[in-house]
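Side chains are part of it too, since the values below use all heavy atoms of this structure and drop only hydrogens, waters and symmetry mates. As the structure is a computational prediction, the values presented were derived from the model and not from experiment.
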Amino acid sequence: MAAVRVEEVLAAAEEQEAEKRRSVTVEKELELEFDLGNLLALDRNPPAAVELRGAGPRREALLRALARDNTQLLVARLWELPAERAGGAGGPLVARLPEPAFRLPREKPPPRPRPPTRWEQFARLKGIRRRKRTSLVWDEQAKEWRRRWGYRRAGGDPARAWLAEVPEGADPEEDQFARLRREKRERVARNELNRLRNLARAHRAGTAVPAAPLHPTGHQSREELGHVARVARVSTASLGRFQPRLPKEPVEPPSRSGGRKRRFEPLLGNLAAERSRQLELLRDMSSKKPVLDITRAVNKQLRQEEAEAAAAKGKKQSQRGKRGRRQQGAGGVSGGLGGPVPPSFAGTDR
């Protein structure tokens with residue numbers, strides 16, 4: 001076993017002690033400028049230009065040591081700030097940062113102010129101030145705070161109340177509870193009809209209508225997530241051309257139709273598939289039961305209702321015009337230029 005000299009042991013101990021002391025003590029010719037509000041430290045000391053030349057490991061070691069020394073000085077200044085325990089005596093030690101002194105630059109220019117709308121200009125001219133209504137109101141019947149709209153709202157459903165007020169001029173023998181239930185059914189049916197009209201209008205316009213809403217329960221399939229991602233991507237003004245891509249997203253930009261294109265069958269191809277298509281077509285033509293097209297049926301029903309509403313509106317206008325002419329003819333001589341001719345001048349030729 002080789003003998004160990006005492007001088008070597010003492011030299012190694014002194015070197016370790018100096019290394020520990022160097023880890024917390026940093027000497028700089030020029031003191032750093034600190035902005036503790038932004039956790040910023042500015043080093044004005046010029047680095048060694050000779051050692052920074054090139055791209056070898058020596059340069060990387062120098063930059064790493066410089067960053068470490070500046071970080072050590074910044075942490076030492078943070079420990080000089082007043083500190084307190086967050087969340088009680090057993091909480092972590094938190095330092096109170098001062099107000100920032102430097103204004104950090106923005107990555108992008110500040111957004112331009114949005115021009116006011118016509119309503120905002122009118123409200124500013126008239127001195128109208130918008131007041132935000134709270135979503136909770138006090139319910140006198142339940143003696144608790146409830147939502148203003150929706151399920152379990154304040155006041156409850158009028159059709160389920162134990163007392164119903166008879167409107168003025170209504171039949172006193174009419175069942176008001178049945179009337180409220182009937183009006184509610186009519187409102188539900190009207191909302192459903194409007195929903196079908198919106199779907200038919202969107203289908204005629206060629207826009208994509210989502211088949212089913214996504215439920216935020218974590219059970220979405222891959223196809224549903226891909227469909228939602230495509231719809232969100234093409235919802236911009238550039239149709240997703242300048243949107244950042246996902247890691248596994250295809251290179252070609254998605255279209256509004258989901259990437260589907262028209263495909264034509266080859267002239268010489270699978271004879272079995274061609275035979276099955278022809279047989280299915282003949283089966284549909286010879287079948288006595290017609291094929292139900294929901295979209296076409298809904299569109300036909302909507303067109304029929306619009307035609308009936310337009311005819312009823314025109315009939316009312318014609319009846320109103322006949323009533324006006326009848327009243328004008330019964331009034332006798334009119335003072336206007338377009339009125340009836342007096343009886344004394346009916347047969348004269350002037």
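Using a 4.5 Å heavy-atom cutoff, the side chains of Glu305 and Arg197 are in contact. With a 4.5 Å cut-off on side-chain heavy atoms, Lys28 and Asp43 count as touching. Considering only heavy atoms from C-beta on, Gln176 stays 4.5 Å or farther from Glu165 through its side chain. Looking at heavy atoms from C-beta onward, Leu42 lies in side-chain contact with Leu40 at the 4.5 angstrom threshold. You'll find the side chain of Leu193 reaches within 4.5 Å of the side chain of Leu302, heavy atoms only. Put simply, the side chain of Glu29 does not reach to within 4.5 Å of the side chain of Pro46, judged on heavy atoms. Side-chain contact between Arg147 and Leu136 is present, with at least one heavy-atom pair separated by less than 4.5 Å.
Look at Glu80 and Arg77 and you find a salt bridge, because one of the NZ, NE, NH1 or NH2 atoms lies within 4.0 Å of a carboxylate O, short of that distance. The existence of a salt bridge linking Arg195 and Glu192 is confirmed by a sub-4.0 Å separation between a basic side-chain nitrogen and an acidic carboxylate oxygen. The pair Arg152-Glu144 counts as a salt bridge, with a side-chain nitrogen and a carboxylate oxygen less than 4.0 angstrom apart.
The two residues Ala200 and Asn299 make their nearest non-hydrogen contact at CB-OD1, 3.2 Å. The shortest heavy-atom contact between Asp175 and Arg181 is OD2-NH2, 4.4 Å. Among all heavy-atom pairs drawn from Ala86 and Val94, the shortest one is CB-CG2, 3.6 Å.
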Verdict with supporting geometry, Arg148 and Thr134, side-chain contact (heavy atoms from CB on, under 4.5 Å): CA-CA 8 Å; Arg148 190 184 298 271; Thr134 59; 3.7 Å; yes
Run the side-chain contact (heavy atoms from CB on, under 4.5 Å) test on Arg179 and Glu174 for me, step by step, so that the C-alpha distance in whole Å, both residues' side-chain angles and the decisive distance to 0.1 Å come before the verdict. CA-CA 8 Å; Arg179 180 183 62 83; Glu174 182 184 5; 3.6 Å; yes
Quick one, Arg146 with Trp138, criterion side-chain contact (heavy atoms from CB on, under 4.5 Å). Give me CA distance, side-chain angles, the key distance, then yes/no. CA-CA 6 Å; Arg146 288 191 175 184; Trp138 178 256; over 6 Å; no
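Few gaps surround CD on Glu140; more than 12 heavy atoms of other groups in view lie less than 6.0 Å from it. Other residues, nucleotides and ligands place no more than 12 heavy atoms under 6.0 Å from the CH2 atom of Trp79.
In the hydrophobic clustering of this structure, Leu39 groups with Leu32; members are Ile, Leu, Val, Met, Phe, Trp, Tyr whose side-chain heavy atoms approach within less than 4.5 Å, directly or through other members. Leu74 and Val26 fall within the same hydrophobic cluster, defined by Ile, Leu, Val, Met, Phe, Trp and Tyr side-chain heavy atoms under 4.5 Å apart, directly or through other members. When hydrophobic clusters are built by joining Ile, Leu, Val, Met, Phe, Trp and Tyr residues whose side-chain heavy atoms come closer than 4.5 Å, directly or via intermediates, Leu73 is grouped together with Leu36. Connection of Phe34 to Leu81 is established within a shared hydrophobic cluster, with ILVMFWY side chains joined at heavy-atom distances below 4.5 Å, either directly or through further cluster members.
Going from atom CD of Glu99 over to atom CG of Asn38 covers 10.0 Å, rounded to the nearest 0.5 Å. Of the inter-residue distances, the one linking Lys313 atom NZ with Glu308 atom CD reads 16.0 Å to the nearest 0.5 angstrom. If you take CG on Leu62 and CZ on Arg59, they are separated by 9.5 Å, rounding to the nearest 0.5 Å. Put simply, CE on Met285 and CG on Leu281 are 6.0 Å apart, with the number rounded to the nearest 0.5 Å. Note that CZ of Arg277 and CG of Leu279 are 11.0 Å apart. Values are rounded to the nearest 0.5 Å.
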Please list every donor-acceptor pair under 3.5 Å in which a side-chain atom of residues 116-133 meets a protein atom from a residue at least two apart or in another chain.
{"unit_1": "Thr117", "atom_1": "OG1", "unit_2": "Glu120", "atom_2": "N", "d": "3.3"}
{"unit_1": "Glu120", "atom_1": "OE1", "unit_2": "Thr117", "atom_2": "N", "d": "3.2"}
{"unit_1": "Glu120", "atom_1": "OE2", "unit_2": "Arg114", "atom_2": "NH2", "d": "3.0"}

